Amino acid sequence: MSSEAGPKKQEQLPQLLAKITFSRHEETGYTGIGRDITDRGIARAQEKGKKITREKGTPVIIGYSPKERAKGTAESIEEGAREEASDSLKKVRRIRIPGLRSTDFRDKGFRAQLQKEIGTTQEAWTDAHYNNPEFYNNPEKLETNEEKRARLYREIERLVSFLEKKDLKGEAPHLVFVSHYELITLLLDDAFGIKTFGTTNTPTLGEHVDIDLYKPLPSGDVPIRIHYGGLEKQVLFDRKLRRLVAQPK
């Protein structure tokens, strides 16, 4: 009985709208200059572009956070994808998506204050993302985690609305989005539970989450299948609440 239940559940899924690679930016010096990723980061992002093109097809859209390190990662992924596709005429649209940015600071001097308190290393800042109330729940000085969630899911809603209007013929398009640990970690928390992936550096630099986005159900909810760290979870994106909710049994 159990061997038949799995395939039957998968058959009930509607049309696949898109295959998504949701990537954290590559290794960076946090300078804000040029691509703002290291030579090793450039090479790794180019290899990522080749690998995901082989596995999912050439990305038709590469979206990125306004931060230079995210833009630089997106550019390098595109270079690898174009090289792997071996087609100079292959159209890849690279677009800036403000909603994918990292944490907004409302008090411009608060960043310097935090640097004195917690240090400047990436490990210290990712730890503060979860464990320092001054960092994650201080709405007068910086953006809260809930506000970051809201803009992440607003971008998902915009993507679904865009794809619904497209006449998808044949294989679902492959899309790549480059963002920051704050947003990607919050997505993993909501999908898998904070005790599963609620660590302070998840995903690591250059790592990505695989997402399958399906056509909305009659209810309007959108089935989403998320793959990360050897685990897979199917959830629903509630378009009214703009949140991930558990898949009904």
Side-chain angles (χ1 to χ4, degrees), residues 16-102 122 152 155-156 158-160 162-163 166 168-185 187-188 197 201-213 224-232:
L16 182 64
L17 281 181
K19 298 171 289 185
I20 300 170
T21 300
F22 192 26
S23 179
R24 185 179 176 188
H25 64 80
E26 260 297 349
E27 184 179 73
T28 176
Y30 296 98
T31 64
I33 300 172
R35 291 199 185 191
D36 199 18
I37 56 176
T38 64
D39 290 343
R40 184 170 71 168
I42 290 173
R44 295 200 325 177
Q46 290 170 338
E47 283 303 311
K48 176 192 285 289
K50 295 176 185 178
K51 186 174 188 293
I52 61 178
T53 296
R54 289 193 298 268
E55 295 177 351
K56 292 188 177 185
T58 306
V60 297
I61 292 177
I62 301 179
Y64 57 89
S65 151
K67 294 290 186 180
E68 292 303 319
R69 55 189 179 271
K71 181 182 178 182
T73 301
E75 290 175 356
S76 301
I77 289 174
E78 180 182 350
E79 288 170 352
R82 287 185 182 278
E83 182 177 342
E84 182 63 29
S86 300
D87 183 357
S88 60
L89 300 179
K90 191 74 177 181
K91 292 184 178 179
V92 181
R93 184 182 175 195
R94 185 155 35 90
I95 58 175
R96 179 178 180 272
I97 304 178
L100 295 182
R101 65 189 182 275
S102 55
Q122 182 63 37
L152 169 63
E155 294 299 344
I156 291 178
R158 287 174 177 167
L159 176 60
V160 172
F162 170 77
L163 292 171
K166 304 294 286 185
L168 297 176
K169 296 178 181 179
E171 189 175 359
H174 176 205
L175 315 175
V176 175
F177 298 103
V178 181
S179 187
H180 305 264
Y181 74 89
E182 296 101 318
L183 294 194
I184 301 174
T185 301
L187 175 74
L188 291 173
F197 287 122
N201 201 20
T202 303
T204 58
L205 292 167
E207 252 193 326
H208 69 271
V209 178
D210 290 311
I211 301 173
D212 297 326
L213 186 69
I224 296 178
R225 183 169 287 156
I226 299 177
H227 313 258
Y228 179 74
L231 297 180
E232 175 184 309

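Everything numeric in this text was worked out from a predicted model, so none of it was measured.
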What do the steps show when you test Leu159 against Leu175 for side chain to side chain contact (heavy atoms under 4.5 Å, CB included), and what is the final call?
CA-CA 10 Å; Leu159 176 60; Leu175 315 175; 3.7 Å; yes
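- With respect to the salt-bridge test (charged N to carboxylate O, under 4.0 angstrom), the residues Glu47 and Arg44 do not qualify.
- The ring pair (Phe, Tyr, Trp, His ring centres under 6.0 Å) contacts involving residues 24-53 comprise His25-His180, where partners must be two or more places apart or lie in separate chains.
- Crowding of Arg93 atom CZ: a count of heavy atoms from other residues, nucleotides or ligands under 6.0 Å not exceeding 12.
- In this structure Arg35 satisfies the side chain to side chain contact (heavy atoms under 4.5 Å, CB included) test together with Ile37, Ile42, Glu75, Ser76, Glu79, sequence neighbours excluded.
- Using modelled atom types, one side-chain atom of Lys56 and one backbone atom of Ile20 make a donor-acceptor pair closer than 3.5 Å.
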With side chain to side chain contact (heavy atoms under 4.5 Å, CB included) as the test, would you mind laying out the steps for Asp212 and Lys19 before giving the verdict?
CA-CA 5 Å; Asp212 297 326; Lys19 298 171 289 185; 4.2 Å; yes
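- With sequence neighbours excluded, the residues that form a side chain to side chain donor-acceptor pair (under 3.5 Å) with Glu78 are Arg82, Arg94.
- Listed by chain and residue number, Glu155 satisfy the salt bridge (Lys or Arg N to Asp or Glu O under 4.0 Å) test with Arg158 (two or more places apart in sequence, or in another chain).
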Walk me through whether Leu152 and Phe22 qualify under side chain to side chain contact (heavy atoms under 4.5 Å, CB included).
CA-CA 12 Å; Leu152 169 63; Phe22 192 26; 4.1 Å; yes
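- Contact of the Thr21 side chain with the Ile77 side chain is not registered, since no non-hydrogen atoms from C-beta on lie closer than 4.5 Å.
- Lys67 pairs by the salt bridge (Lys or Arg N to Asp or Glu O under 4.0 Å) definition with nothing, not counting sequence neighbours.
- His174 contributes a side-chain N or O that, together with a main-chain N or O of Gly57, makes up a donor-acceptor pair within less than 3.5 Å.
- Checked against side chain to side chain contact (heavy atoms under 4.5 Å, CB included), Ile33 has the following partners two or more places apart in sequence or in another chain: Thr31.
- For Ser179, there are no side chain to side chain donor-acceptor pair (under 3.5 Å) partners at least two apart in sequence or on another chain.
- The side chain to side chain donor-acceptor pair (under 3.5 Å) check on Lys48 picks up His208, with sequence neighbours excluded.
- Under the side chain to side chain donor-acceptor pair (under 3.5 Å) criterion, Arg101 pairs with Asp104, not counting sequence neighbours.
- Screening Thr73, Asp36, Thr38 against Thr28 for a side chain to side chain donor-acceptor pair (under 3.5 Å) leaves a single residue, Asp36.
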